[in-house]
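Please read the structure below before turning to the comments.
Chain A is the first sequence line, chain B the second, and so forth, proteins listed ahead of strands; every chain is numbered from 1. Basis for what follows: all heavy atoms, side chains included, without hydrogens, waters or symmetry-related copies.
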Amino acid sequence: MERVRERNHRIKIPNRASPGGAPEHQPRHSARPSGADLLFRFIPGVALVPRFHPRLISAAPPAHGWACQKLRCARPIAHDHSALAKRHSPIILPPLFHTMYRSVSCNSLRKEHIGQTVTLAGWVNSRRDQGGVIFVDLRDREGVTQIVFRSEENKEATDASHKLRGEDVIQVTGKVSARLAGTENPKLATGEIEIVAAELRVLNKAEVPPFPLDDPKVNEDLRMEYRYLDLRTALMQRNLKLRHRVVKATRDYLDEAGFLEIETPILSNPTPEGARDFLVPSRLNPGTFYALPQAPQQYKQLLQVAGLEKYFQIARCFRDEDLRADRQPEFTQIDIEASFVVENDIQTLVEGLLARIFKESAGVEIPTPFPRMPYSEAMGRFGSDKPDTRFGLELVDLTDVFTASQFKVFASVAQGGGVIKAINAKGAAALLSKEQLKKWEEWVKTECGAKGLAYVKWSEGGEWESPIVKFFSDAEKTALAGRMGFQAGDVLFFGADAKLEPVCEILGRVRLRCADLLGLIKANASKLNFLWVVDFPLLAFSPEDNHWVAVHHPFTRPKADDMAALHAGEYARVRAVAYDVVLNGVELGGGSIRIHERELQAKMFEVLGVNAEEQQVKFGHILKAFSFGAPPHGGLALGLDRLVMLIAGAESIREVIAFPKNNRGCDLMTHSPVEVDFKQLREVYISSTAKKS
RNA sequence: GGAGUCUUAGCUCAAUCGGUUAGAGCGCCGCCCUGUCACGGCGGAGGUUGCGGGUUCGAGCCCCGUAGACUCCGCCA
């Protein structure tokens, strides 16, 4: 059962490539060797020595010398722009795959390289042992190359190759050869060639992997336990490469736009509102705690007060809340803030950023500017503040139709100032039986908190089927059919409530479920519908706390047009200069223009019921900062994980994070989090109240 | 905090109504094979059916509890 394999297996083979066999260094300062050169010479049987030592290529110091020490202690030199410019003189880096172990990658050889002698290193992807001839697919980060071992060409290496197993790490030297006519493999980029092995060196034997690496059906918890194996798959490597491209495009774009990447503290303070904080006890200050940042919100605003003007950061953020497929306890934001900007400046910047990201990571051109849609319209038409506009099924208002209805439920809602809306699931009648409709009603009740889900089903060649249609007058039916475009084969779903939001939200979810049922999401999978949702409400009334709370955060700027409403106390009507960027029904990010005036901020705190004392305790430092000349400023943060997930076409952000946590916040590979011993807790003045089972 | 789905060989799954010794494919191990690329052929090993309890003549299957994984609600911008 347990298969013990030979380790550190090494085959010593006399080298044919360098008959003289003498080790030699030939340092050259010229350009890289051309592909036609033999890149490596070998000490027979043991080590590989490159003819061009990587370090020697760029060993000469730049003209101004390695001036790190000088720059650090002599401050004025930092302003010597000519000196800085010289530091940007090109440094020739060694080519990645030209190392002591290998001369080329497993995805670099083509027909035109036939005849060259190369050295490859990587993992045994698969092995096909024909007895006298053995094929090994050698895999590295870049791709796969077929190695062929022929007993008549090199018996020793061929004999050794019989023992190779999947995931063994090997190094092979051989000649690039054309495959025999008819045996080319069009599925491989390197499928026209193969390496006829002259030498095989086993760098490390591998145990049998606990699961087949290329099987996408394997349990996620098993893949997480052996994440380093899971990450060897082409899919995961593609995702991580994609993530790198997105981050690189972001840095390039924002750098070119004059933004400075500035780090902010990870050990910071608890946030007065919002999500639960991760706490870190301070050993040096008994009984006190840091918190990990939920976002660098206050720091990025303070950087504006500091006059840095344009800031960004690929920022790790932490929130101790329950997890979902698109939520991790630690996640990454592209965090942006700038001074002397209005809403449209930030939006234009971010449109350009997303265009650059999609172009460089996915090769897709996306049209800008994105459409702008007020929050009220998004809720009214799509039942969501992040509408998926790739398909219709829009919400239609029917309140006026039912004001005098015999159907008491609708009539009382309509007369009492409530709202009745409906959506038409075109062509869903054939897909929804009575039993399924009952299940939908149950789903709406349990998961959406609705009282029920009224529907009318019109099967092809049938009558209107519905528990409520008997109450409708002919005039109501006519109005309904006309306004909804109701035809045979369709199903109508109704939402009715005293308040607008719950009706929209419930129908918004029914809409998405209908779209899924009707295959509209799959059919529109290739579309990229970006849009800005703007004019969010500034405040929301919290029944639990019995006062108004900030929808975004307390520094969000009210719209100039609604300032009168704010001062008149009509808080529900006040809109914020806040905006979310949405792609295909997923919120990519959001931001706002902030309040920079002291009086307006005071007014906001008054509305939020935060008294002077609380202001000092919770926001003292930032209010003090604002008193010293804060510029008008605003910004936005994009969820990097979600963004990469969408570009990668992944279903969970865990697929685009190298080492994610599961839905209980545990890392199944390292078993984090772990218990710590009493001594360690005592040092930070903590005692645990957790019950041990 | 709540709801749902799942847990059978290393992996993916099957096992009729509760009924004989729990099967298959892949993988693994051994032997054979000189043009394979999902290689092929022959042979073999591999199981506390997550765990604990109950019902029953008899439980992988039914019931209760428990652990773990995933999805969703609450929560979270």
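Under the rule for a side-chain contact (heavy atoms from CB on, under 4.5 Å), the partners of E587(A) that lie at least two apart in sequence or sit in another chain are K386(A), D580(A), R642(A). In this view, S151(A) and T158(A) satisfy the side-chain contact (heavy atoms from CB on, under 4.5 Å) rule, not counting sequence neighbours.
Both Q333(A) and K661(A) sit near RNA chain B, but only K661(A) has its closest nucleotide nearer the 5' end. For the pair D137(A) and S652(A), both in contact range of RNA chain B, the more 5′-proximal nearest nucleotide belongs to D137(A).
G274(A) comes within 4.0 angstrom of the backbone, heavy atoms only, and of no base. Residue D129(A) is classed as a base contact, given a heavy-atom separation below 4.0 Å to a base. Using a 4.0 Å heavy-atom distance criterion, A637(A) is classed as making no nucleic acid contact. Counting non-hydrogen atoms under 4.0 angstrom, I134(A) reaches nothing in the nucleic acid. If you check every strand for non-hydrogen atoms under 4.0 Å, N185(A) touches a base. S126(A) comes within contact range of no nucleotide atom at all, as no heavy-atom separation falls under 4.0 Å. Counting any heavy atom pair closer than 4.0 Å across all strands shown, E225(A) reaches no nucleic acid atom. Using a 4.0 Å heavy-atom distance criterion, D580(A) is classed as making no nucleic acid contact. Within 4.0 Å of Q130(A), counting heavy atoms only, lies at least one base atom of the nucleic acid.
Between R664(A) and rG68(B) there is a side-chain polar atom (N or O) within less than 4.0 angstrom of OP1 or OP2. At rA38(B), one or more side-chain N or O atoms of K187(A) fall inside 4.0 Å of OP1 or OP2 (strictly under the cut-off). Considering only side-chain N and O atoms, R654(A) lies under 4.0 angstrom from the phosphate OP1 or OP2 of rU71(B). Residue Q294(A) places at least one side-chain N or O closer than 4.0 Å to OP1 or OP2 of rA77(B). For the OP1/OP2 pair of rC73(B) and a distance below 4.0 Å, the side-chain nitrogens and oxygens of R324(A) include at least one atom meeting the criterion. Look at R165(A) and you'll find a side-chain N or O under 4.0 angstrom from OP1 or OP2 of rC29(B). Residue N219(A) places none of its side-chain N or O atoms closer than 4.0 Å to OP1 or OP2 of rC11(B).
The N663(A) side chain lies nearest to rU71(B) when the options are rU71(B), rG35(B), rC39(B).
Separation of the P atoms belonging to rC42(B) and rG25(B) is 11 Å when rounded to the nearest angstrom. Atom name C1', nucleotides rC62(B) and rC17(B): the rounded distance is 12 Å, in whole Å. Distance noted for atom C1' between rU56(B) and rC61(B): 13 Å (whole Å). Of the P atoms belonging to rC39(B) and rU49(B), the separation is 34 Å, rounded to the nearest Å. Nucleotides rA67(B) and rG30(B) place their P atoms 43 Å apart, quoted to the nearest Å. rU55(B) and rC63(B) have their P atoms separated by 15 Å, given to the nearest Å. rG74(B) and rU8(B) have their C1' atoms separated by 35 Å, given to the nearest Å. Rounded to a whole angstrom, the distance from the C1' atom of rC37(B) to that of rG44(B) is 27 Å.
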What's the verdict on salt bridge (charged side-chain N to carboxylate O under 4.0 Å, His left out) for E207(A) and R165(A), showing C-alpha distance, side-chain angles and the deciding distance?
CA-CA 9 Å; E207(A) 295 290 341; R165(A) 294 293 182 274; over 6 Å; no
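rU36(B) atom P lies 12 Å from atom CD of E184(A), rounded to whole Å. What separates CG of L222(A) from C1' of rG68(B) is a distance of 13 Å, to the nearest Å. One atom, NE2 of H671(A), and another, C1' of rG68(B), lie 12 Å apart when rounded to the nearest Å. The CZ-P distance, from F149(A) to rC33(B), rounds to 19 Å in whole Å. Here rC73(B) presents its C1' atom at 15 Å from CG of L323(A), a figure rounded to the nearest Å. The nearest whole Å value for the distance from the CG atom in L213(A) to the C1' atom in rA38(B) is 15 Å. Atom-to-atom, CG of D322(A) to P of rG1(B) comes out at 9 Å; the value is rounded to the nearest Å. Atoms CZ (F318(A)) and P (rA77(B)) sit 16 Å apart, rounded to a whole Å.
The residue from R179(A), K187(A), K111(A) that alone fulfils the salt bridge (charged side-chain N to carboxylate O under 4.0 Å, His left out) condition with E192(A) is K111(A). Checked options R127(A), K205(A), R139(A); the residue passing with D168(A) is K205(A) (criterion: salt bridge (charged side-chain N to carboxylate O under 4.0 Å, His left out)).
As the counterpart of rU5(B), rA69(B) is assigned, both hydrogen-bonding distances of the Watson-Crick or G-U wobble pattern falling under 3.5 Å. rG58(B) is unpaired under the Watson-Crick or G-U wobble criterion, no partner having all donor-acceptor distances under 3.5 Å. Pairing of rA14(B), defined by two Watson-Crick or G-U wobble distances under 3.5 Å, is not identified with any nucleotide. Nucleotide rG30(B) forms a pair with rC42(B), judged by Watson-Crick or G-U wobble geometry with both contacts under 3.5 Å. Of the nucleotides present, rC64(B) is the one that pairs with rG52(B) by Watson-Crick or G-U wobble criteria, both distances under 3.5 Å. Base-pair partner of rA22(B): not found among the strands shown (Watson-Crick or G-U wobble, both distances under 3.5 Å).
Taking 3.5 Å as the limit, the base of rG68(B) and the side chain of D221(A) contain no donor-acceptor pair of atoms between them. Side-chain N/O atoms of R327(A) and base N/O atoms of rC75(B) include a donor-acceptor pair closer than 3.5 Å. Judged by atom type and distance alone, R319(A) does not reach the base of rC76(B) through any side-chain donor-acceptor pair under 3.5 Å. For E207(A) against rG10(B), no side-chain N or O and base N or O form a donor-acceptor pair under 3.5 Å.
Ion pair D230(A)/R227(A) flagged as a salt bridge, since at least one NZ, NE, NH1 or NH2 atom sits closer than 4.0 Å to an Asp/Glu carboxylate oxygen. The pair R223(A)-E655(A) meets the salt-bridge criterion, with a side-chain N (NZ, NE, NH1 or NH2) lying under 4.0 Å from an Asp/Glu carboxylate O. For D137(A) and R128(A), the salt-bridge test passes: some basic side-chain N is under 4.0 Å from an acidic carboxylate O.
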Give me the distances for all protein-to-nucleotides 25-27 of chain B N/O pairs that come in under 3.5 Å?
none

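Ring-plane geometry between F541(A) and W548(A) is classed as perpendicular, the angle between the planes exceeding 60 degrees on a 0 to 90 degree scale with a lower cut at 30. Aromatic ring pairs are classed by plane angle as parallel below 30°, tilted from 30° to 60° and perpendicular above 60°; the pair W440(A) and F493(A) is parallel.
Stacking is not found between F211(A) and the pyrimidine-like six-membered ring of the rC11(B) base under the 5.5 Å centre-distance and 30° plane-angle cut-offs.
Side-chain atoms of D140(A) come within 3.5 Å of backbone atoms of G143(A) as a donor-acceptor pair (strictly under, hydrogens ignored). Panel note: side chain R327(A), backbone A325(A); no donor-acceptor pair is recorded below 3.5 Å.
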